[in-house]
Amino acid sequence: MIPEPAPTVRELLAFYLEAGVDCALAEEPIDRLAEIDTPPPAPRAVPVEAPRPVAAPAVMRGEAAPAPDVAIASAREAARTAPTLEALRELMQNFEGCALKHTATRLVFADGNPQARIMFVGEAPGRDEDIEGLPFVGRSGKLLDLMIGAIGLNRTTAYIANVIPWRPPGNRTPTPQETQVCLPFIQRQIELVNPDVLVTLGNPSTQTLLSTRDGIMRTRGRWFDYDTGQRTIRALPTFHPAYLLRSPSYKRLAWQDLRAIAKVLAQGAA
């Protein structure tokens, strides 16, 4: 058997970028591809220093973080009082109940047309979104643009957001507590946009917004009712673009979902 060639530095860096690695973990580079029996480099001598006081985590910002139930209740009350999307954005900018806010670069609120008849909701921002402050602008965002463009939509005729508006460190999965704290904000965002069709992208946003425990393979392509308290919106789960990049064979099913969405939008416009 011919061994596979070792990845190049460019390939490794591309892999790390996709994996969400954005910081170094050691002062000296380590050759992970070196032979196992190669002796490790001698450790550098480190001068002994007096113990330093441990700084409080960034999420503390001088005060204790609120208890989960308090943070969730605070988010619900804040979201409920927002009369407009702009007011909601400002409330979220000032909200201190989610620790993700203090590790992210900026709030990723939304993109697109708030008067659109269709709204797409993903899970959480990634590295590119955190940098630009807009949802779906990385590789998965480019694929989403192609997907909606295939049915005659673009970012001037659609509205795009995420359940979690702040990037989790290293693109890790948001915790259930973080999701519940942020849930009132995306629920209010959906109420204010008031679309005719809501599209949940991927398993996390589908389970969170549509209150189902079924996986995306069982829910995609099925129409759900999303109740805002004011009206019922038709909702359709489909695959997240990031999943389609990893599993392109499922693009055929995603295309079926897109055609179903286009059909409903056309019926509503008739």
Determine, using the 4.5 Å side-chain heavy-atom cutoff (strictly less than), whether [X] and [Y] are members of one ILVMFWY cluster.
{"X": "Leu91", "Y": "Leu107", "answer": "no"}
{"X": "Met147", "Y": "Leu253", "answer": "yes"}
{"X": "Val163", "Y": "Phe224", "answer": "yes"}
{"X": "Leu236", "Y": "Phe136", "answer": "yes"}

Determine, for [X] against [Y], whether the closest basic-nitrogen to carboxylate-oxygen distance falls under 4.0 angstrom.
{"X": "Arg155", "Y": "Asp145", "answer": "yes"}
{"X": "Asp196", "Y": "Arg231", "answer": "yes"}
{"X": "Asp257", "Y": "Arg220", "answer": "yes"}
{"X": "Arg167", "Y": "Glu129", "answer": "no"}
{"X": "Arg127", "Y": "Glu132", "answer": "no"}
{"X": "Asp128", "Y": "Arg139", "answer": "no"}

Is it true that, when you exclude Tyr243 itself, more than 12 heavy atoms of the residues, nucleotides or ligands shown sit nearer than 6.0 Å to its OH? yes

Aromatic ring proximity His240/Phe120, centre distance under 6.0 Å: no

May I have the step-by-step check of side-chain hydrogen bond (donor to acceptor under 3.5 Å, both in side chains) for Gln115 and Tyr159, ending in yes or no? CA-CA 8 Å; Gln115 305 298 322; Tyr159 189 80; over 6 Å; no

[X] side chain to [Y] backbone, donor-acceptor under 3.5 Å:
{"X": "Lys101", "Y": "Gln93", "answer": "yes"}
{"X": "Gln230", "Y": "Glu191", "answer": "no"}
{"X": "Asn162", "Y": "Ile164", "answer": "no"}
{"X": "Asp225", "Y": "Thr232", "answer": "no"}
{"X": "Arg188", "Y": "Ala82", "answer": "yes"}
{"X": "Arg213", "Y": "Gln207", "answer": "no"}
{"X": "Thr208", "Y": "Pro204", "answer": "yes"}

Inter- and intrachain pairs under salt bridge (Lys or Arg N to Asp or Glu O under 4.0 Å), touching residues 67-91, at least two apart: Glu77-Arg80

Ignoring hydrogens, what is the shortest heavy-atom contact between Pro174 and Thr179? Give both atom names and the distance. CB-OG1, 4.0 Å

Least distance between heavy atoms, Ala161 atom then Ile186 atom: CB-CD1, 4.0 Å

Could you give me the CA-CA distance, side-chain angles and deciding distance for Ser205 and Thr200, then say whether side-chain hydrogen bond (donor to acceptor under 3.5 Å, both in side chains) is met? CA-CA 6 Å; Ser205 63; Thr200 55; 4.7 Å; no

State the [atom1]-[atom2] distance between [X] and [Y], to the nearest 0.5 angstrom.
{"X": "Arg259", "Y": "Ile151", "atom1": "CZ", "atom2": "CD1", "value": "11.5 Å"}
{"X": "Thr84", "Y": "Leu192", "atom1": "OG1", "atom2": "CG", "value": "7.0 Å"}
{"X": "Ile160", "Y": "Leu144", "atom1": "CD1", "atom2": "CG", "value": "5.0 Å"}
{"X": "Ile118", "Y": "Asn113", "atom1": "CD1", "atom2": "CG", "value": "12.5 Å"}

Please verify the inter-ring angle class for Phe95 with Phe185; under 30° counts as parallel, over 60° as perpendicular, anything in between as tilted. perpendicular

Side chain to side chain donor-acceptor pair (under 3.5 Å) with Asp130: of Thr103, Asn171, Thr105, only one passes, and it is Thr105

